[in-house]
Every structure is written in C-alpha cells, then in structure tokens.
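Letters A, B, ... are given to chains in the order of the sequence lines, protein chains preceding strands, and every chain is numbered from 1.
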Amino acid sequence: MAKAEMKYDTQPENEEHSSLKGTLASVFILGAILVVTWVGVYFLYLDRF
Amino acid sequence: MLKASLSSKVDPRDAKLSMAHFYVAFTALLVGGLAGLLQVLVRSGKFQLPFGIGYYQVLTVHGVLLGLVLTTFFILGFHLAAVSKTSGTLTNKQRTVGWIGFWIALVGTVMAAVMVLLNQASVLFTFYAPLKAHALFYLGLTLVVVGSWFNSAVIIMKYAEWRRANPGQPSPLLTFMALINTLMWCVATIGVASTVLIQLLPWSLGIVDTVNVGISRTLFWYFGHPLVYFWLLPAYMAWYVVVPKVIGTKVFSDSLARMSFILFLLFSIPVGFHHQLLEPGIDPAWKFLQVILTFLVVIPSLMTAFSLFATFESFGRSKGATGLFGWLKKLPWGDARFTVPFIGMVAFIPGGAGGMVNASHQMNQVVHNTIWVTGHFHLTVATAVVLTYFGVTFWLVPHLTGRTLTKKMNKLALTQGILWAVGMTFMSGAMHAAGLLGAPRRSSFSEYGGAAQAAEWIPYQIAQAVGGSILFIAVLLMVYIFINLAFFAPKGEQEFPVGEATNQAEKAPMVFENWKLWLGITVLLILFAYTIPFIDLIQNAPPGAKGGRFW
C-alpha cells in the first residue's frame, strides 16, 4: 500500500492535488484586509488628532 | 490505548456532568439574549423599558449572562467532554471534584444574577470601581471563579494521570489544548480574585471606605484580556481538531496547533494595558511594551488562519478541485457542524482586523469608549466564538444524550447560523460605523440636547435594532435546537469528531509538554510587564474613591 501511495505521489497531476496556492492567495487576501482596515483608521486618526 | 479511547463514547456519567454545564449555558443564552433585544430597542429611541426597569440593569444582565455565564459554563462542559473523550473516562474522585465545582459556580451565578435582577448590582459585566455593587454580587462572582478552579483541577488531574500512564508520549491534542486553556485561566483569574477579595468586597461591605480605582482596573484587565482568549481557545480546539474530521480530512499539523496554543499561553496575559491605553497613572512606555506583546498574539492567530485555509484546500484538492479557489466548492456546505463554525471563522477576519486597530496605542483614541468596541467584540466573541460553540453543540449534545442530529434539525441549524450572520452584519456593522462617528458605548438612548453629531448616530442605532431583532430570532432557534437535541431528538449514536494528524509518524516534540518551561516564561513575562507599573500605581496613588450607586 505504501508503494502505491509513493507512485501516486510522483504522478504529474499530483502538482494540482497537493498544491497550496489557494492557501497562499487566501492569506494574502487576509493580510490585505488587515492592512486596509488599519491604514483606513490610521488616516482617520491623522485627520482628527 | 489512544485508539481505543478515541473510538469510544464519552462515559454517560461524564456526559451528565458536561450536560449540567450546558443547561446553565443555554438558559443564560435565552435570558441574556432577551436583555440584548431590549437594549437595541431602547437605543433605537422608539421603545422604553416598562415597570421602571433600568437600561443599565438590562445591560448588566446581558453582559454578565452572555459574556461570563454562557461562555464559562459552555467552556467547562466542553473541556470536560473533550478530555474524557480523548484521555479516558474520569475517575470517580475526579468526577466528584467536577460536580462540587459545578454546584459552587452555580450557586455563585444565582447569587450574582439575583443581585443584578434586583437592581442592586447594575455595574455592567466589567464591574469597574467606583461603581459599587451589593456585596453578594462580588461574592457570587468569587464563587463562580472558585467553582471553575475545581473544574480546572479535574482537567489537570486527568492530564497528569494520562502522562503517567503513557510515559514519553505527547498527550492527545484535544486534552493538550484544554489543559493550556485551563492553565491560562488559572493564572489569569488570580487578578480578578485579588481585586474582588482584597478591594471590592471589603469596600462593598463597608470594612474600608475607599477603593484604588487604578489598581482595581489594572487587576481586572490582567484577567480580562486572557478571558477573551479563554473564550476563543475552545473555538480554536474545534477549528483545529473537530472541523477537519467533520469535513472528512486530517488535522493539517499537530505540532503547529500545539505551538500556536503555547504562544497564546505566553502572550495572552501580559497585555491587559491595551484596554487601558487612555488611562492615567500608567507610564506610556509600559503601555507601549504591552502593545508590542499584544501584537505578538497576532502570530498564533495568523498561524491558525494559514492552517485552516490549508486544511480546506487540501481537502478540496483531494476531491479533485482545480483552480485557485475551486476547493471552496468541495466543502460540505449542507452540514451545520461545518458551516456554522465556518461563518464564525469568516467573522473573525474583520474581528481580528478591528482588534489590531484597538490595540494600536495612539490610534485607540479614535475608537476608545465608542460603540465600535462593542461592534468589535460582537464579531469576535459573539460571532466567531459562539457560532463555533453552537457548531459544537449540534454534535456534542446528542453525543452526550445518546441522540442524533436529524436532517430537519441540521437544516434548522443552518438557518440559525445564516440568521445570526445576517443579524450580526447589520448590528455589528452599524456599531462599527457609528463608533467611528463618535457614538459612545455603554449608554442609553439620548439626543444629547439636540446636538447635530448625535443626530448622525440615530440611523445606525435603528440598524442595530433591526440586526439585534434578527439575532434574537436566531437565539430562540438555537435554544429550540438545544432543547430538541437534549430531550427530544431520536435515540441513536452521534459521532464525537476528533481529527487525526496528517503525519501520524511524526510525533509532536515533547518540549511542548514541559510545563516548568512554559509556565516559567509566562510568569517571567507577567512580572516583566506588570511589576514596575504596579509599584507606580501603589506609590503614586491618588486619594481612594468613595464610590457608590449611580443608577
């Protein structure tokens, strides 16, 4: 069984199978939300104080 | 041994102890939710409370029941079930200690609740001095904390027993997580116990005339910030360990999960000053130090976000998903045990973003004491955390009562989650917006003498009333689902989902179980962050406040 898994692991379509590119994109989007929120309130702060 | 305990059900005797906690938690949800509805209606300006009931009385009921009672009782019940499931059935002695803790906490809750309902303790859930409540209110809160310590002892005893029986082995992940939350709670509650027993109770009884407000607030927030992580970590337990099993995949990384929990233990406590950034009596340098420590908590939060995205993507791709976000479509959206906590995860993104604004020292001036802050914690604790608790309830309660979650109940649970999301979008969104326009929190309806600025807030207050009303319908649905799962759902076997790590061969490093090390660093960080500010607060104390009842 281990052998079968090994073989499966090396198949080219496995690139797509184990890819975490969606995770990378998601964390970048999350980071962008954090930055935009923070910068938005930061400019409000500069404007008011 | 691990495998055998994982495949078994929670023992019925332990189940009974957990369920006792859940009955209290969901009673609190119903009454506290009703108080929340009354509040948003009053703040819309279109409704007045009957029978001379005060706004601040209702506000206290809402905050104490939902912020303190619902959360604490749910967490204690969940910890007990999780530890019993993953480390084995409690011994009779452990269970007895658990029951003693439960009854002490329940008596304390009833004492505090009666004082609040009699309008003898309308001091809000933060009970800041110089607002002076009836002594029984403080005594009641003390008993809740003491009761929770008995429950903490059960978790610690069970963990120690497991480690003795399995030398050299890392503890089961859920037990490890429950233990970290328990240890954090024990260290944190020293602060609230100190202010209540040394300051507030003697002052309320008339033994001393005045109270040092700065110190009592500092001790409160020494406890108050880890309190919010005490609420959050059980949700993380479900996100890291339960949700992967529910969707049919494995825990992305056992070690990463343990590492993030350790970081929460270290960085959750020496950060209370970020709630006191605009208070006098604390040197700005010490505030800034605690701001830095606060931002270190962002690290385990982002580790969690990464780990969850990776869990979902790996699962979707194993089902043949393609493209950048194709994996999202493969997730089991029809399963309330997944979807309701997922809504909570999404809410935690703007919740976390807002939290970074709150903690940013000078920028805190923009939002301090505005209803933005209320909007913030309704996204974090009142959405991310409680929707995850509800997601846990959907399988845990039937598991404990020997019943099943039917298709019909699952559908109702999904409706409940969606209603909550819609209601909270209106309510919390309007709170954030009004807060940025300067609307204060903790205040009843007022036109402030016809001020133009106050008039700007009113449309948002109406939006809050709309959102709050939708949320109350969701509360009623949740209570109905709970009663069904506890008493009426068909008999059967409901799974307690516990995910396994992707790489079973790779044992979690044993250094994670070295409590001398982690508790040692925790204590050092606390001493570093708090010792000199405390000396300052005591040495340069202003005359104490006499305080009293202002309601």
Rounded distance (nearest 0.5 Å) linking atom CD of B:Gln362 with atom OH of A:Tyr45: 5.0 Å

Decide if atom CZ of B:Phe315 counts as having more than 12 heavy atoms of other residues, nucleotides or ligands within a radius under 6.0 Å. yes

Is the number of heavy atoms from other residues, nucleotides or ligands under 6.0 Å of A:Phe43 CZ greater than 12? no

Over 12 foreign heavy atoms within 6.0 Å of OH, B:Tyr448: yes

Between A:Tyr42 and chain B, with a heavy-atom cut-off of 4.5 Å, which part of the residue counts as in contact: side chain, backbone, both or neither? both

What pair of heavy atoms forms the shortest contact from A:Val41 to B:Trp372, and how long is it? CG2-CH2, 4.1 Å

Residue part contacting chain A, namely of B:Phe325, when any heavy atom lies under 4.5 Å: side chain

For the CG atom of A:Leu34 and the CD1 atom of B:Ile349, what is their distance to the nearest 0.5 Å? 8.5 Å

Could you grab the distance from atom CG of A:Leu20 to atom CZ of B:Phe252, nearest 0.5 Å is fine? 5.5 Å

Interface moiety of B:Leu436 toward chain A, non-hydrogen atoms closer than 4.5 Å: both

Can you measure from CD (B:Gln365) to CZ (A:Arg48) and round to the nearest 0.5 angstrom? 11.5 Å

Using 0.5 Å steps for rounding, measure from the OG atom of A:Ser26 to the CG atom of B:Leu324. 7.5 Å

Determine whether A:Ser19 and B:Trp327 satisfy the following criterion, side-chain contact (heavy atoms from CB on, under 4.5 Å), listing intermediate values before the conclusion. CA-CA 11 Å; A:Ser19 153; B:Trp327 43 277; over 6 Å; no

Roughly how far, to the nearest 0.5 Å, is OG1 of A:Thr23 from CZ of B:Phe312? 10.0 Å

